[in-house]
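Since the model is a prediction, treat every value here as computed from it, not as a measurement.
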Amino acid sequence: MNTTNQLVEVVIVTYSVDQQRCVDLIHSIRQQGFISKNIQINVIVNDTSDVYNNFTHSVQDIENVKTFLGSEFEVAPTRGWRSQQWTKLAIAKNIKTPWYVVIDSDQKMYPDHIIELEDWYQDSRACYKPVALQTIEQGDYKWFAEYYKNAAKFWNISLDKYANSLLSETPPVMMHTESVVNMLLHCNKSLIFKNLVHDFGLYWTYLIKENLIEKLYTPILNVNKKHLLIHERV
């Protein structure tokens with residue numbers, strides 16, 4: 001195992017509609033490389049056991065792919081946005097590396113471009129896409145601003161210092177495994193299922209509370225789309 005694969009794993013949450021796209025994404029990672037061509041890929045199938053069995057069969061010949069059924073993480077055995085949010089956090093207890101990167105199953109690799117480790121990890125810190133609270137409030141998904149405020153209220157912190165450098169809700173997102181596991185000791189899925197917070201906002205505000213942002217992360221100030229994946233929302 002090389003040092004890259006000792007540092008980070010991939011997590012993808014998928015369901016029936018995106019099943020084939022997810023398979024294609026995994027193949028493209030193996031062909032082109034996302035941080036590493038043979039990086040460990042963990043797929044949570046947030047759907048019924050039939051969908052899970054079908055997906056598992058589709059990837060059985062691809063090395064370093066581990067599949068999980070969504071219901072393993074104490075969610076109902078059906079697909080849903082809130083359960084998807086929760087499983088991105090709950091999976092941390094199954095990750096063996098210091099970091100894991102969350103990718104959406106409806107994304108695909110930018111053609112003919114290899115995403116290197118240094119695109120997402122520099123000077124012992126993970127890179128992240130910063131977004132201002134005001135930008136979120138004025139955007140198409142302005143309810144994420146309320147999720148951030150609710151999360152800050154839950155942790156009893158202020159967003160003022162980081163109002164211009166919140167974590168974008170758009171994957172890929174690098175997650176610090178130990179911090180997610182520690183966070184889960186102090187909260188549970190009800191925050192998400194009551195539609196009060198979202199996964200990345202809960203996590204980011206927890207890091208603010210613990211004074212871990214600067215220690216763990218560095219912002220990507222000039223985002224080159226070749227460093228990201230392409231959304232395939234149809």
Side-chain angles (χ1 to χ4, degrees), residues 5 8-97 99-115 120 140-141 144 168-175 177 180 189 192-193 195 198-200 203 225-234:
N5 285 351
V8 61
E9 299 179 16
V10 166
V11 168
I12 308 171
V13 183
T14 193
Y15 70 116
S16 58
V17 174
D18 284 344
Q19 184 176 193
Q20 186 55 52
R21 294 177 190 172
C22 187
V23 174
D24 294 341
L25 171 59
I26 292 170
H27 279 298
S28 67
I29 290 173
R30 287 293 175 258
Q31 292 165 4
Q32 294 178 225
F34 178 84
I35 299 179
S36 168
K37 286 186 177 182
N38 65 339
I39 195 169
Q40 174 69 40
I41 299 174
N42 304 279
V43 182
I44 305 166
V45 182
N46 189 40
D47 215 308
T48 64
S49 56
D50 288 344
V51 175
Y52 170 80
N53 292 335
N54 185 53
F55 179 84
T56 300
H57 177 74
S58 299
V59 297
Q60 64 181 351
D61 294 327
I62 307 176
E63 292 185 358
N64 293 341
V65 176
K66 186 173 183 179
T67 58
F68 300 85
L69 184 59
S71 58
E72 295 180 46
F73 303 100
E74 300 180 349
V75 298
T78 56
R79 63 178 183 260
W81 184 73
R82 293 188 185 95
S83 56
Q84 178 189 62
Q85 297 270 304
W86 172 249
T87 57
K88 291 176 185 177
L89 302 175
I91 187 67
K93 296 178 181 179
N94 297 85
I95 301 299
K96 306 301 183 186
T97 51
W99 296 88
Y100 65 98
V101 57
V102 176
I103 302 175
D104 277 351
S105 66
D106 62 352
Q107 293 180 300
K108 69 176 182 179
M109 297 290 292
Y110 192 88
D112 302 318
H113 183 80
I114 298 173
I115 298 176
W120 284 97
D140 293 336
Y141 300 96
F144 281 107
S168 170
E169 70 276 2
T170 305
V173 172
M174 286 275 278
M175 308 285 282
T177 308
V180 178
K189 64 182 180 181
I192 290 174
F193 280 81
N195 207 26
H198 70 303
D199 48 3
F200 299 141
Y203 168 67
K225 69 178 182 178
K226 287 187 177 182
H227 293 171
L228 308 179
L229 299 174
I230 298 175
H231 265 286
E232 283 284 294
R233 298 189 184 277
V234 179

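Below 30°, between 30° and 60°, or above 60°: for F144 and W81 the angle between ring planes is above 60°, a perpendicular geometry.
Between the side chain of S105 and the backbone N or O of I12 there is no donor-acceptor pair closer than 3.5 Å. Not a single donor-acceptor pair under 3.5 Å links the side chain of Q19 to the backbone N or O of V45. At distances below 3.5 Å, not a single donor-acceptor pair connects side-chain atoms of Q40 with backbone N or O atoms of T97. In this structure, N54 contributes its side chain and D50 its backbone to no donor-acceptor pair below 3.5 Å. Under the 3.5 Å distance criterion, the side-chain polar atoms of K88 are left unmatched by any main-chain donor or acceptor of D199. Looking at S28, its side chain does come within 3.5 Å of a backbone N or O of L25 through a donor-acceptor pair.
Of the options L89, N94, N46, a side-chain contact (heavy atoms from CB on, under 4.5 Å) to F73 is made by N94 and by none of the others.
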side-chain contact (heavy atoms from CB on, under 4.5 Å) assessment of R21 paired with T14: CA-CA 9 Å; R21 294 177 190 172; T14 193; over 6 Å; no
Could you walk me through whether N38 and E63 satisfy the side-chain contact (heavy atoms from CB on, under 4.5 Å) test, starting with their C-alpha distance in whole Å, then the side-chain angles of each, then the deciding distance to 0.1 Å, before giving a yes or no? CA-CA 8 Å; N38 65 339; E63 292 185 358; over 6 Å; no
Between V59 and V43, is the side-chain contact (heavy atoms from CB on, under 4.5 Å) condition met? List the steps. CA-CA 10 Å; V59 297; V43 182; over 6 Å; no
Walk me through it: do F200 and M175 pass the test side-chain contact (heavy atoms from CB on, under 4.5 Å)? CA-CA 9 Å; F200 299 141; M175 308 285 282; 3.9 Å; yes
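When all heavy atoms are compared, the tightest approach of T177 to A92 is CG2-O, 3.5 Å. The minimum heavy-atom distance linking Q85 with I192 is given by the pair CB-CG2, 3.8 Å. Between D104 and P171, the closest heavy-atom pair is OD1-CG, 3.4 Å. For the pair H113 and M109, the tightest heavy-atom approach, listed with the atom from each and the gap, is O-CE, 3.9 Å. Taking every heavy atom of both residues into account, G70 and I44 meet most closely at CA-CG2, 3.9 Å. Nearest heavy atoms, S36 versus I29: O-CG2, 4.1 Å.
Side-chain atoms of I39 and R30, non-hydrogen and from C-beta on, do get closer than 4.5 Å to each other. At least one side-chain heavy atom of V101 sits under 4.5 Å from a side-chain heavy atom of F34. Between Y100 and N42, the closest side-chain pair of non-hydrogen atoms is not below 4.5 Å. Looking at heavy atoms from C-beta onward, F193 lies in side-chain contact with S83 at the 4.5 angstrom threshold. Contact annotation: the side chain of S71 never approaches that of Y52 to less than 4.5 Å [non-hydrogen atoms, C-beta and beyond]. No side-chain heavy atom of V10 sits under 4.5 Å from any side-chain heavy atom of I26. In this structure the side chain of Y203 never reaches within 4.5 angstrom of the side chain of V173, judged on heavy atoms. Side-chain contact between F68 and T87 is absent, with no heavy-atom pair separated by less than 4.5 Å.
Separating the CD1 atom in I35 from the CD atom in E9 is a distance of 11.5 Å, to the nearest 0.5 Å. In this structure, D106 CG and L229 CG are separated by 10.0 Å, a value rounded to the nearest 0.5 Å. Rounding to the nearest 0.5 angstrom, the gap separating the NZ atom in K37 from the CD1 atom in I114 is 5.5 Å.
More than 12 heavy atoms of other residues, nucleotides or ligands lie within 6.0 Å of CD in Q60, so this atom counts as buried by the packing criterion.
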